[in-house]
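Everything below concerns the one structure shown next.
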Amino acid sequence: MDTFVTFTILGLVLGSVYAIAASGLVLTYNTSGIFNFAHGAQAMLGAFLYWQFRYGWDLPTPLALLLTVGVAGPLMGLLLYALIMRGLRDTAEVTKIVVTVSILLGGVSLSHWFWHPEDPRTVKMFFGDESRFSFFGATVHMHEVICLVAAVLIAVGLRFLFTRTRLGVSMRGVVDDPDLLRLNGHNPERIAAFSWALGSTLAVVAGILITPISGGTLEANLLTLLVIDAFAAAMFGRLRSIPRTFVGAIVLGLAGTYVLGYFPSEWTWTSNLRVSLPMIALFVVLIVLPQDRLRGAAVRTRERYTVPTVRKAVAWGAALLVIVYMIRLLMVESAVTTLTLGMSFAIIALSLTLLTGYAGEMNLAVVSFGAISTIVAYHFGTSGSGLATRLTLWGLIIGTLVAAVIGGLVALPALRLRGLYLALATMAFGVFLSNMVLRDTTEHELFGVKFSLFTGGSLSIPPLKVGPLDLSNQTAFLMTVTAIFTILAIGVVALRNSGYGRRLAAMKDSPAAAAMLGQNLVKLKLSVFMLTAGIAGLGGILMSSAIGAVSNENFSIMISLTVLMLTVVAGIGYVTGALFGGLMAGVGFAVIMVSFNNLGAAQPELEGLWTFMGHLAAVSPALIGLGVGKNPSGVVHDVLEGYRHLRGAKPVLVGGAAVVAIAYGLSLAGVLGNWWFATITIVTVFMLPVVGPMFMPEAVLGPEAAAAKRGTPPEEIGVDEPYSEERLAELDRELGLPASVTEHTTSVQFGEPAPAATPKEAIVHA
């Protein structure tokens, strides 16, 4: 009986914290239509701020709570809405998701900046661990009572707010019809900002309350993912009902503690199951709950993508192979391995171009399919022993096929899901795989066969060997991975230009219209999920082989979210966007941070500056992701549009190519360092569309646009452009007339009585 009461109380307390966090999610979603994936990061930052106030600066507990919950929490929500969320109207679902994912990743990086992850930090329960009492044989702490009471008060208060107050009704109307709400005298922006402030405050409260319950140790990633478990509770209420959300949270809390308390101790996977239970519940709830009807018309968003022809794709693929080989000539062996890793991530990102960019479907756990293929290749696809161990072609093929099959199995129950629900379902799968499968390092026995899934917590994937091709040679490995990416990219472009690709585009624009025209959406979704899961699996094996030995951290959900974010930032509708996103996710920012650390070690007098730049580089992916709301089509789209205008300005293009060629030659000769070459190349590529209109405006902009940019010539003022005070002043300056004449002319122009002119002014006018 004591055991039952103990685990019941613990489950109720954990569920109450889930309820507080989930209520904040429901609140912000109901007033902005944006599901805040950064909710866990806000809770984590709130917990760190409370620790800083309470333990770092020794402030009294009430003052620390006031500063954290009463000031920092609302301010965080207000700033998020004012600076970011209000600009996400008329953007696709993937853009809204990526922006909040960017905030999540930025919050984690920010916490590492201000609170070094290797320094231990603990938060104690309110009133201390000794403040407790006995209840039916179980020990109950006052902190746990506070959690329960706070959850009940928040649930009742939010229910009353939504159903019994004009403000609550207005908050629901912000998403339904903001224009109608404005006509009734309300300010939708102010109401939405208040909702985000309140939702952020609830996240902070949840972070502060759950930290002592989960052990008291502050760790950014773990605390962020712990609050993400509240997603399942929010889905119990379908992001609308506070009471159902509260019930769902309590069920989750009780289920987790009962699993820990009553499952047999010899079951080695019990602890992993308890951690994975919220994600299992989230997946099940998403499948069981009724879905919205198919969209009957295309939703007009600001994303615009241009699909190249297959011929252009082949030409650019050949160019990529040449460019990569030329860059290889400048690199040392370790740098070649790093670039190989980046190209492997580009293959993984390419699956997102096909799935999300072309088909409009979501996958927030793309790296998880790479984990599946890696496990299969490790167990069934290697030959040899010791240093002679090699990955076989069979291992590469079977790993890719198994990933495709698993992708189909995951997609089968999720075929009826769309948009946000599908994104949450794939995220639940990714977190479940990380918690349940990749943590399973113990040995099992089934039908007399002993095995382990993630042996020893680390899997060594040797290089591939097929006939004379041995990828233990770093140059061969790099060029092979680049060739695989090129072939897959050309295939993806060809697929998009085929009838199958047009059906994918139709399903993305209007599922109802596609179904009405006879398209089998179930088969279409299933096929594209299997195809993209296979591509991600192939990239995952190559990525693992490039690293050499991988752990479960190499396949965490955070890496999947980073790949998605950077691919969307680059342009998820372009294969070049996948190339850029994969390279940056795999090597870009890591190399930059290592370079700053090395500079700090080499120049101790400037160590503070280089350390600051390194932290800024760590946060920069999130800062870049925040710009997606203003540029939802991606960086590649802007670059392509800029170069499209330069087609008539051949000297500008030739000049830019000459600058890059000279820099390459100097770098190859050892005159310039590789970083200088990379800097000059990047600056040249991105600045040509900006510089081109300055040197050849008519060739780039066209005669009319160039003339308009230069302004109306003085002799045409009053003919092509009406008079104004500024234009009249400009005319006087061109004619060399004094300022007094300007005032005289202006007053006459606007019908005011002019002052009498002096003889000198009369002579000038004459």
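Values below: every heavy atom of this structure, side chains too, minus hydrogens, waters and symmetry copies.
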Q. Between Val17 and Ile213, is a side-chain contact (heavy atoms from CB on, under 4.5 Å) present by the stated rule, with each step listed?
A. CA-CA 10 Å; Val17 179; Ile213 298 172; 4.1 Å; yes
Q.
Quick check: do Met362 and Tyr421 have side-chain heavy atoms less than 4.5 Å from each other?
A. no
Q. How many angstroms lie between CG in Leu223 and OG1 in Thr211, if you round to the nearest 0.5 Å?
A. 4.5 Å
Q | Distance in Å, Met235 CE paired with Phe35 CZ, rounded so as to fall on 0.5 Å steps | A | 7.0 Å
Q: For Ser368 and Phe429, run side-chain contact (heavy atoms from CB on, under 4.5 Å): C-alpha distance rounded to whole Å, both residues' side-chain angles, the deciding distance at 0.1 Å, then the answer.
A: CA-CA 8 Å; Ser368 298; Phe429 167 74; 4.2 Å; yes
Q | Taking every non-hydrogen atom, the tightest pair across Val563 and Leu352 | A | CG1-CD1, 4.1 Å
Q: Determine the minimum heavy-atom distance between Glu219 and Phe48, stating which atoms define it.
A: N-CZ, 4.4 Å
Q: Examine distances only and state if a side-chain atom of Ser109 and a backbone atom of Gly106 form a donor-acceptor pair shorter than 3.5 Å.
A: no
Q | Value rounded to 0.5 Å, distance of CG in Leu254 from CD1 in Ile250 | A | 6.5 Å
Q) Under the 3.5 angstrom rule, does the side chain of Tyr81 hit a backbone N or O of Phe194 as a donor-acceptor pair? A) no
Q) Can you find a pair of side-chain heavy atoms, one from Ile559 and one from Phe345, that are under 4.5 Å apart? A) yes
Q) With distance as the sole test, does Thr257 use its side chain to make a donor-acceptor pair with the main-chain N or O of Phe7 at under 3.5 Å? A) yes
Q | Sub-4.5 Å side-chain heavy-atom contact between Thr122 and Leu218 | A | no
(Q) Would you say CZ of Arg159 has more than 12 non-hydrogen atoms from neighbouring residues, nucleotides or ligands within 6.0 angstrom? (A) no
Q. Can you check whether Glu361's main-chain N or O pairs, donor with acceptor, with Thr356's side chain at less than 3.5 Å?
A. yes
Q. Hey, are the side chains of Val431 and Leu282 touching, using non-hydrogen atoms and a 4.5 Å cut-off?
A. no
**Q.** pair Ile572-Leu564: side-chain heavy atoms closer than 4.5 Å
**A.** yes
Q) Could you give the distance from CG (Leu105) to CG (Leu566), rounded to the nearest 0.5 Å? A) 8.5 Å
**Q.** Closest non-hydrogen atom pair between Leu25 and Asn36, with its separation
**A.** CD2-O, 3.4 Å
Q: Please tell me if the side chains of Leu202 and Leu158 come closer than 4.5 Å, counting only heavy atoms from C-beta onward.
A: yes
Q: Would you check if the side chain of Ser560 reaches a backbone N or O of Val367 as a donor-acceptor pair within less than 3.5 Å?
A: yes
Q.
Tell me which pairs pass ring-ring contact (aromatic ring centres under 6.0 Å, His included) where either residue lies in residues 240-260, with sequence neighbours left out.
A. Phe4-Tyr258
(Q) Quick check against the 3.5 Å criterion: does Ser111 have a side-chain atom that pairs as donor or acceptor with the backbone of Val108? (A) yes
Q. With no hydrogens and no angle check, is any side-chain donor or acceptor of Thr426 less than 3.5 Å from a backbone partner on Ala423?
A. yes
Q: Working to the nearest 0.5 Å, report the span between OH of Tyr55 and CZ of Arg121.
A: 13.5 Å
Q: Kindly indicate whether the side chain of Leu364, heavy atoms from C-beta on, has any atom under 4.5 Å from the side chain of Ile97.
A: yes
Q: Let me see the working for Ile557 and Leu433 under side-chain contact (heavy atoms from CB on, under 4.5 Å), right down to the final yes or no.
A: CA-CA 9 Å; Ile557 192 65; Leu433 187 79; over 6 Å; no
**Q.** Backbone of Asn552 reached by a side-chain donor or acceptor of Ser556 within 3.5 Å
**A.** no
Q. Which heavy-atom pair separates Pro278 from Leu252 by the least distance, and what is that distance?
A. CA-CD2, 4.0 Å
Q: Verify, without hydrogens or angle tests, whether Asn435 (side chain) and Phe432 (backbone) share a donor-acceptor contact under 3.5 angstrom.
A: no
Q | Nearest atoms (heavy-atom pairs only) where Pro212 meets Ile208 | A | CD-O, 3.2 Å
Q: Could you tell me whether Phe236 and Phe231 have their ring centroids closer than 6.0 angstrom?
A: no
Q. What closest approach, in Å, do Ser200 and Gly73 show between heavy atoms, and which atom pair accounts for it?
A. OG-O, 2.8 Å
**Q.** Leu78 and Trp196, any side-chain heavy atoms less than 4.5 Å apart
**A.** no
Q) Got a donor-acceptor contact below 3.5 angstrom from the Arg244 side chain to the Leu239 backbone? A) no
Q | side chain to side chain donor-acceptor pair (under 3.5 Å) partners of Thr61, counting only residues at least two apart | A | Arg54
In residues 142-156, what donor-acceptor pairs under 3.5 Å come from side-chain atoms, sequence neighbours left out?
from, atom 1, to, atom 2, distance (Å)
His143, ND1, Phe126, N, 3.1
His143, NE2, Leu209, O, 2.9
Glu144, OE1, His141, N, 3.1

(Q) Rounded at 0.5 Å granularity, tell me how far CG in Leu161 sits from CG in Leu27. (A) 7.5 Å
Q. Checking side-chain contact (heavy atoms from CB on, under 4.5 Å) for the pair Met44/Leu49: CA distance, chi angles, key distance, verdict?
A. CA-CA 9 Å; Met44 176 270 299; Leu49 281 173; over 6 Å; no
